[in-house]
J.: 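Below you'll find the structure I mean.
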Number of protein chains: 2
Amino acid sequence: MYTIGQVSEMFSIPASTLRYYDKEGLFPGIERKSGIRKFSNREIEALRVIECLKNSGLEIREIKQFMEWSTEGSATYQQRKELFETRLKKVAEEMDNLQKTMDMLKYKCWYYETAIQDGNEERILSMLPDKLPPEIQKLYDSAHD
Amino acid sequence: MYTIGQVSEMFSIPASTLRYYDKEGLFPGIERKSGIRKFSNREIEALRVIECLKNSGLEIREIKQFMEWSTEGSATYQQRKELFETRLKKVAEEMDNLQKTMDMLKYKCWYYETAIQDGNEERILSMLPDKLPPEIQKLYDSAHD
DNA sequence: GCTTGACTTAAAGCTAACTTTAAGTATTAC
DNA sequence: GTAATACTTAAAGTTAGCTTTAAGTCAAGC
């Protein structure tokens, strides 16, 4: 059993944020002793799922929905499974998107490395849009679909 | 040369957002004809970079800084290069983080598939924390470092 | 010449996710 | 017993990034 301060330390999350999460219903049925929250393994695992769902782009009120489903036993297994499947797809898309972002960033790194070497951008501009070195051309094309 | 409406269509960005970006200084020196903005290839390419930097987690005011550097010629090549290098590192970290998020999501998908098959979570809980099927154990460990 | 549709502005409004504040209670260390 | 520390609350404040509103200008088609 942990206090809010201990959990705050463990997860590097401000206690005020944990209180906010509780107020928003993310720890349904959390135990209390004379007003003070007692975080058990259930809440610790909940917090790991909260972080995961938040990273997947889910909003707090949708995470609350999930936490409510979790208190309803086997009747909501299907909904919960579908939620995770949907989130998985979403994150896979986000990864694809970030891969394109990285390609653009790598292209720009090359661009400025080359500009620094040359002292100007003229040689680069004369290679655009399709006479860049092969590796760089790939990055450029990926970023300029 | 494009009007704000054409650019809005091309990039699927509301015209109001493009005006907001302009107000925030993201199109320094954009041309106007009797008050109306004229988006040239320079602004189109700027918009691609804006999207890229935004996806990398940069704030609008930092993107503005970059756009100002871009008007200052070769004197700022170094800063611009470093900006893209820093962003690249940041996005690579974000990708790692998302990979962990995906592992947790995959684990949860398996969890609920199994719970649906069994009708309850008992068998799964008896396998925790280190007697899960090998492939699933990997996901679980990755998500519970 | 008048209607239509796309553009313009400044300013106010919105939303999510916290974060801070102010005032108070409870527990632990000495 | 008292001082320090950690907890409690409700409510107000903050921030980023838009989005909407209201009032107006401008060019093209009929």
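Predicted model only: the values in this text are computed from it and were never measured. Below, read A as the first sequence line, B as the second, and so on, with proteins coming before strands; counting in each chain starts at 1.
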J.: Using a strict threshold of under 4.0 Å (side-chain N to carboxylate O), is an ion pair present between A:K108 and A:D103?
T.: no

J.: Go through residues 91-100 of chain B and report each residue with a non-hydrogen atom lying under 4.0 Å from DNA chain D, sorted by number.
T.: none

J.: Let me know the distance between CG of B:L18 and C1' of C:dC7, rounded to the nearest Å.
T.: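 Whole-Å distance recorded here is 13 Å.
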
J.: Rounded to whole Å, how long is the line connecting atom CG of A:L26 with atom P of C:dA16?
T.: 14 Å

J.: The side chain of A:R32 is closest to which nucleotide in this list: C:dT8, D:dT8, D:dA16?
T.: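 Out of C:dT8, D:dT8, D:dA16, the nucleotide with an atom closest to A:R32's side chain is D:dT8.
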
J.: Of the nucleotides C:dA17, C:dT8, D:dG17, which has the atom closest to the A:E59 side chain?
T.: C:dA17

J.: Using whole Å, report how far OH of A:Y2 lies from P of D:dC7.
T.: 15 Å

J.: Looking at every strand, decide which applies to B:E24 at a 4.0 Å heavy-atom threshold: base, sugar-phosphate, or nothing.
T.: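 Contact class for B:E24: none.
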
J.: Between B:E85 and B:K81, does any NZ, NE, NH1 or NH2 come within less than 4.0 Å of an OD or OE carboxylate oxygen?
T.: yes

J.: Taking B:R32 first and then B:D22, would you say they form a salt bridge - that is, a charged N and a carboxylate O separated by under 4.0 Å?
T.: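 Yes.
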
J.: Are side-chain heavy atoms of A:M104 and A:Y140 found at a separation under 4.5 Å?
T.: no

J.: Without decimals, in angstroms, what is the distance between B:I50 CD1 and D:dC18 P?
T.: 10 Å

J.: Would you call B:K138 and B:S142 a side-chain contact if the rule is heavy atoms closer than 4.5 Å?
T.: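 No - every pair of side-chain heavy atoms lies 4.5 Å or more apart.
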
J.: Mark yes or no for whether A:E9, through its side chain, and A:Q6, through its backbone, hold a donor-acceptor pair below 3.5 Å.
T.: no

J.: Can you sort out which residues in residues 38-49 of chain B have a heavy atom within less than 4.0 Å of DNA chain D? Ascending by number, please.
T.: none

J.: Look at the side chain of A:R19 and decide which nucleotide, out of C:dT9, D:dA16, D:dT8, has an atom nearest to it.
T.: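 Within the option list, the nearest is D:dT8.
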
J.: Nearest to the side chain of A:T3, which nucleotide is it out of C:dT8, D:dT8, D:dC7?
T.: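 Closest nucleotide among those given: D:dC7.
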
J.: How would nucleotides 18-29 of chain C be written as a contact map, 5' to 3', with B for base contact, S for sugar-phosphate-only contact and - for no contact, using protein heavy atoms under 4.0 Å?
T.: BBB-----SS--

